[in-house]
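To start, the structure itself, in structure tokens.
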Amino acid sequence: MKILVLNAGSSSLKFDLFDSEGERRLLRGSIDRVADMQTAFAAAYARIAPALAGETVGAVGHRFVTGGPLFTEPLLLTPGIAAQLEGISGMAPLHMPRNLAAYEAAAAKLPGVSQVAVFDTAFHSSMPPVASLYAIPQRFGQDYGIRKYGFHGISHRYVSSKYAELRGVPLAGLRLIACHLGNGCSAVAIRNGRSIDTSMGFTPLEGLIMGTRCGDIDAGALLHLIIRGAHDPVELEKVLNSQSGLLGLSGLSNDMRDLHKAAAEGHAGARLAIDSFCYRVRKYIGSYLAALNGADALLFTGGIGENDAAVRAQICEGLSALGIVLHPAANQTRKPEAFPIGSGPVDVWVIPTDEELLIARDTLACIAG
Ligand code: ADP
């Protein structure tokens with residue numbers, strides 16, 4: 001039997017096939033511009049069928065963007081669980097309906113095959129109230145579930161355990177700061193393998209500057225725009241999610257590679273966007289050094305974190321007083337596996353993420369009971 005991992009995004013369906021141990025990747029692919037999930041799943045299945053080599057799909061693992069207040073462990077999907085998830089899909093309206101549609105498409109095509117949901121929020125359920133609660137009347141938490149949930153949890157859990165594995169030390173006892181810098185970006189403070197604070201919040205909008213998301217912003221500024229009638233709230237949601245971040249600041253692109261090119265040619269907006277991006281990450285690293293009382297390692301992952309030596313250098317520049325020193329030559333390394341880039345008092349590593357591998361492992365563990 002083989003393990004299929006599905007990651008249904010807002011416009012794509014990514015799929016990875018693993019062996020029965022959930023350790024060896026046999027195939028990976030993606031269907032882009034998904035209009036209908038049943039059709040997309042059928043197309044994905046046609047691509048994995050040859051790699052099954054006569055075996056069956058024994059289980060399907062899904063990345064679910066949020067378990068909200070309901071779920072913090074991987075769990076077997078049933079129609080009843082799916083209905084509960086549908087009830088909280090408003091917490092991630094771009095992603096949850098897609099995640100659920102992928103479950104339904106797989107259930108229709110592979111009846112009787114166990115399907116498991118693995119939640120991006122789960123890793124952060126260990127955050128203490130001082131980190132997870134917003135300072136608003138507590139009834140907002142009780143009545144509407146308003147608090148920080150955090151996201152990118154599967155990636156943060158992967159890179160933190162990978163670091164411990166590479167160093168041959170137990171996760172317990174380590175203080176880690178992980179930065180997942182891709183289109184979406186988040187930082188996390190990890191103590192003893194558990195998230196104690198993270199930059200994303202009730203939604204994936206809070207925290208770092210992202211490709212098209214603004215990250216931290218004064219709620220008062222948004223109220224000002226809404227109450228004065230300058231902006232319709234639905235329109236504002238689009239602006240903050242899809243037209244802000246690197247794209248909004250640069251007025252040019254949400255893609256870091258485009259921004260480097262433009263900045264080198266003198267584009268002031270591109271320079272501002274890169275500088276602001278790096279500054280925001282530095283601030284979070286500083287705050288998590290305080291939250292953890294120092295750190296054993298700083299880890300970079302995601303498309304930017306794994307590939308962009310200039311951004312890593314700019315983030316870490318002048319942090320020697322905090323124990324963070326990059327080796328310029330090591331930082332220029334490019335390779336698909338993990339590599340160290342600094343070894344001041346704080347170890348600094350690049351660790352390519354592999355969320356699907358963790359989902360495959362969690363799926364196997366879940367169906368094993
Ligand atoms: P997602 O969050 O959608 O999975 P990625 O993790 O692939 O996205 O990150 C996308 C970002 O990574 C883009 O800003 C892109 O410019 C950046 N990126 C990817 N490769 C490189 C590279 N070689 N150098 C600099 N930035 C890169």
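As the structure lists them, so they are numbered: ligands from 1, and atoms in each ligand from 1.
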Partner set under ring pair (Phe, Tyr, Trp, His ring centres under 6.0 Å) for Phe71, not counting sequence neighbours: Phe119
Using the side chain to side chain donor-acceptor pair (under 3.5 Å) criterion, which residues pair with Tyr134? Sequence neighbours excluded. Glu206
Which residues satisfy the ring pair (Phe, Tyr, Trp, His ring centres under 6.0 Å) test with Phe277, sequence neighbours excluded? none
Every residue of the protein that comes under 4.0 Å of ligand 1, judged on heavy atoms: Gly182, Asn183, Gly184, Asn254, Asp255, Met256, Arg257, Gly302, Gly303, Ile304, Asn307, Asp308, Arg334
What are the two closest non-hydrogen atoms of Leu259 and Ala270, and how far apart are they? O-CB, 3.5 Å
Side chains of Asp32 and Ser30: donor-acceptor distance under 3.5 Å anywhere? yes
So do the side chains of Met96 and Phe64 get within less than 4.5 Å of each other, counting heavy atoms only? yes
